[in-house]
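One structure is given below, encoded as structure tokens.
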Protein chains: 2
Amino acid sequence: MGVTIHDVARAAGVSVASASRALSGRRKVTAEVAERVTRAATELGYRPNAIAKALRDQTTGTIGMIVPGIGNPFFTTIVESVEHQLQETGHDLLLCASLYTPEIEARRLNTLLARRVDGLIISPCDFEASAPAVLNAARQVPLVQVDRYIEGGGADWVGVDDDSALAQAVDHVVAGGARSVVFVSSRLMNSSARLRLAGFQLATARAGIASLPPLLGEFTLAWGFEAGQALLAGDALPDAVVCGNDEIAVGLLRALRLGGVRVPEEISVVGFDDVGHAAMCDPPLTTVRQPVEEMAAEVVRLLNQVRVGDPRPAQRIAIAPRLVVRQTSRPVTRGVVTAGAGGTMTGDGQEDKETT
Amino acid sequence: MGVTIHDVARAAGVSVASASRALSGRRKVTAEVAERVTRAATELGYRPNAIAKALRDQTTGTIGMIVPGIGNPFFTTIVESVEHQLQETGHDLLLCASLYTPEIEARRLNTLLARRVDGLIISPCDFEASAPAVLNAARQVPLVQVDRYIEGGGADWVGVDDDSALAQAVDHVVAGGARSVVFVSSRLMNSSARLRLAGFQLATARAGIASLPPLLGEFTLAWGFEAGQALLAGDALPDAVVCGNDEIAVGLLRALRLGGVRVPEEISVVGFDDVGHAAMCDPPLTTVRQPVEEMAAEVVRLLNQVRVGDPRPAQRIAIAPRLVVRQTSRPVTRGVVTAGAGGTMTGDGQEDKETT
DNA sequence: CGGATATTGGTAATCGATTACCAACCCCCC
DNA sequence: GGGGGGTTGGTAATCGATTACCAATATCCG
């Protein structure tokens, strides 16, 4: 460790300025000098110190990203897509998890700002408690929210159109004959939980069916399982359950299976996200697929266009999702056709039928 | 952006040295000065520039970590545990994915070295192709491998005891009456795939049962599904399948279900890792649980003890895993008892029975 | 052949925080 | 009151890469 451009310059018998120029190619040097410098650099194993460069250039070439947790497969797919998009611009990603805790989130924001990231991408864990730290960060550096956002709308956001998503889910189970539908999701500490519940209530009202009291816990397998047991313990099962994400749906399916309830014959279940194992649970899960790649592309596009201090109004970009019909929902009586049992394995799982 | 310690010093009417000392507390200053400096700092919203500090101190307070992919839930749990361990020492984690490609991996190593991370944690994607870049990196900075490692043993490693793991898995299905067992795993480009196959062959030989040709593809749901279809298409099903990881096992279960094969009555399936949804698939998966927290703790401990250039021999730490018996394996005839159907929901899923 | 112009190399400043070193000052005791 | 010991503040160097600015040399044209 520790071979600097001075060492290279000395070995090549030139000044540091010439060495720097030869290596960066930002100004012409004679072929002779270029040759000597590059040879010295490779011989010494010179590796430019990104820290020094960042200090001098006032730019680090890094983007910070904070998500509530990477245990949730939805966030990992978002992270992967964002990383993929950032390749194009030559930026590296600094990834942090807030562990669903506003205090940790604020600390992470501070260390990323101290590290002088060139931009921030965040999915704030709490609709209210995350707001001060996020708004403060947005004042220092370009910042875009993804999936979740904070109250008040002070920063750009890219996410899914939850109203459209829930409308598709509810209309689908209603088309399959459901007259009573219950929504199982997370408590309302974050924007996704709020918007999805609102979208659900709007959709059931419009469809003119009974909207039972929602079951709100967490976006986890464990909560889905628990909610499923609660449903089993109730007087009568609803005709359908719409879930706030796929983890909940999978846990719920497990509880229903243990309770001897057949899906979709006795009850339909619809998930949200379309994570990898949604197609592999039993039965394969009907779910709303988040347009993750498009969202990541929009986030990066917005990030490049944000200028700190520019009083441009905050943008909100909601991308419409698609319902992926698999086998946890009853066939609709007309129109869309559901997937049959089985089928060959293709890229992402079963032969899914998607509504248009 | 851009309030420096000079600004703070000027506002407080002292020199930069006093300001720095007042803020860091590394040397005494009068209460008067301390007070004026801290007030000026908070009023101006001073945030020390970590880049400048890193340049001066020759230490960044960051640890780089490279895993093949964060889509694989095993790697995300390892990452979470490592991050958790690093909290203690006040280090931040710089996370990268190599996308299972040695070239990308080498690039990521280079950018992390250029960013002068204080240490590196890596799960090298390829047993052979990853070796040069990893060994080179290990010469510059403390480096510990986790889970996967490179050939030749030139760098420290922490992982699971695959021989013990496979012995437990094989002995368990044999105790349940299996006489023919097939191993479904990844192609042998990485150490895990190699060690697990070797462990499987050792275990079957010792148990004196038929070891059928292994099916080797990738550590993915899709490959598990495909392998399951291949088994269905064969002449006769084996009595049991041991899988290289849980993703494969879940995909395989799905294929068997579609083929109308009952698990565990007609065939036992054992996974590897015990990721979150292993307990939630149908039936809940019998699997070998990786001791992820212990591994992460060992990795961090080793990393702190490694000194570059120290000719200490490379350490290899293999931690013994535990078999978690759920419902994809036939009850053993004596000794260990399997879990019954159902049970209440506790922390991580079902009421699992674990072998001692 | 002389001077104008283009090109290339070198010196030193810059980015921001830290700290070695020195100077100034205070307090105390003889 | 003066000297010794202890404490506190300031100046400037440091980390490594980049580049503004200047100097030196080469090139070209009349």
Side-chain angles (χ1 to χ4, degrees), chain A residues 1-38 40-41 44-62 110-111 113-118 140-141, chain B residues 1-38 40-41 44-62 90 110-118 140-141:
Chain A
M1 190 109 110
V3 30
T4 77
I5 200 166
H6 285 88
D7 304 327
V8 173
R10 194 171 334 114
V14 297
S15 75
V16 288
S18 300
S20 175
R21 294 200 265 255
L23 292 171
S24 77
R26 238 184 274 282
R27 229 185 74 179
K28 281 229 205 93
V29 290
T30 36
E32 155 84 13
V33 169
E35 151 69 11
R36 285 220 307 275
V37 169
T38 46
L44 296 175
Y46 170 65
R47 196 189 305 280
N49 185 325
I51 302 294
K53 181 171 163 53
L55 180 60
R56 159 77 207 205
D57 293 353
Q58 298 288 303
T59 171
T60 55
T62 55
N110 273 328
T111 64
L113 287 175
R115 291 195 192 290
R116 297 298 194 268
V117 291
D118 296 337
Q140 326 259 325
V141 81
Chain B
M1 189 109 112
V3 30
T4 76
I5 200 166
H6 284 87
D7 304 327
V8 174
R10 195 171 332 116
V14 297
S15 74
V16 288
S18 300
S20 174
R21 295 200 265 255
L23 292 171
S24 75
R26 239 184 275 281
R27 230 185 73 179
K28 281 232 204 88
V29 290
T30 33
E32 155 84 12
V33 169
E35 152 68 12
R36 285 219 309 273
V37 169
T38 48
L44 297 176
Y46 170 65
R47 195 189 306 277
N49 185 324
I51 302 294
K53 181 170 164 51
L55 180 60
R56 160 78 208 205
D57 295 353
Q58 298 288 299
T59 170
T60 54
T62 55
N110 272 330
T111 64
L112 289 175
L113 287 174
R115 290 193 192 290
R116 296 298 193 268
V117 291
D118 296 337
Q140 326 259 326
V141 81

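Because only heavy atoms are used, hydrogens play no part in the values below, and waters and symmetry mates are left out as well, while side chains stay in. We name chains A, B, ... by the order of the sequence lines, and we start the count at 1 in each one.
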request  = Could you check which residues of residues 13-22 of chain B get a heavy atom under 4.0 Å from DNA chain C? Sort them by number, please.
outcome  = B:Ala17, B:Ser20, B:Arg21

message = Using whole Å, what does the distance between atom P of nucleotide C:dG9 and atom CZ of A:Arg10 come to?
response = 19 Å

query = Between atom CG in B:Asp7 and atom P in C:dG16, what is the gap in whole Å?
reply = 9 Å

inquiry  = Distance check, rounded to the nearest 0.5 Å: B:Thr4 atom OG1 versus B:Asp7 atom CG?
reply    = 4.0 Å

message = Is any side-chain heavy atom of A:Thr60 closer than 4.5 Å to one of A:Arg115?
response = no

query = Below 3.5 Å, does any donor atom in the side chain of A:Arg27 face an acceptor in the base of C:dG9, or the other way round?
reply = yes

Atom of A:Ala41, atom of A:Leu23 and distance for their closest heavy-atom approach = CB-CD2, 4.1 Å

inquiry  = Using whole Å, what does the distance between atom P of nucleotide D:dT18 and atom CG of A:Asn49 come to?
reply    = 10 Å

query = Nearest 0.5 Å, what's the CZ-CZ distance between B:Arg116 and A:Arg47?
reply = 7.5 Å

key: Criterion side chain to side chain contact (heavy atoms under 4.5 Å, CB included) on A:Val37 and A:Val8, from CA distance to verdict   = CA-CA 7 Å; A:Val37 169; A:Val8 173; 4.1 Å; yes

request  = Quick one: label B:Arg26 by what it contacts on the DNA or RNA (base, sugar-phosphate, nothing), any heavy atom closer than 4.0 Å.
outcome  = sugar-phosphate

Which residue lies more 5' along DNA chain D, comparing B:Thr30 with A:Thr4 via nearest heavy atoms = B:Thr30

query = Measuring from B:Lys53:NZ to B:Ile5:CD1, what's the distance to the nearest 0.5 Å?
reply = 10.5 Å

task = Specify the angle, to 10°, made by the local axes at the two ends of the helix from C:dC1-D:dG30 to C:dC30-D:dG1 when five pairs are taken at each end.
result = 60°

ask   = Quick one: B:Arg116 CZ to D:dG16 P, roughly how many Å, whole number?
value = 8 Å

Whole-Å distance separating the CD1 atom of A:Ile51 from the C1' atom of C:dC15 = 13 Å

task = Could you tell me the separation between the OG atom of A:Ser15 and the CZ atom of A:Arg10, rounded to the nearest 0.5 Å?
result = 12.5 Å

task = Starting at atom CD1 of A:Ile5, determine the distance to atom P of C:dG10, rounded to an integer number of angstrom.
result = 12 Å

query = Are B:Tyr46 and C:dA17 close enough that a side-chain N or O sits under 4.0 Å from OP1 or OP2?
reply = yes

key: Value in whole Å for how far the P atom of D:dT19 lies from CG of A:Leu23   = 13 Å

key: Value rounded to 0.5 Å, distance of CG in A:Asp57 from CG in A:Asp118   = 10.0 Å

query = Within less than 4.0 Å of OP1 or OP2 of D:dG16, is there a side-chain N or O belonging to B:Gln58?
reply = yes

ask   = Taking all non-hydrogen atoms of both residues, which atom of A:Ser18 and which atom of A:Val29 are closest, and how far apart?
value = O-CG1, 4.2 Å

query = Roughly how many Å is it from NE2 in B:His6 to P in D:dG10, rounded to a whole number?
reply = 12 Å

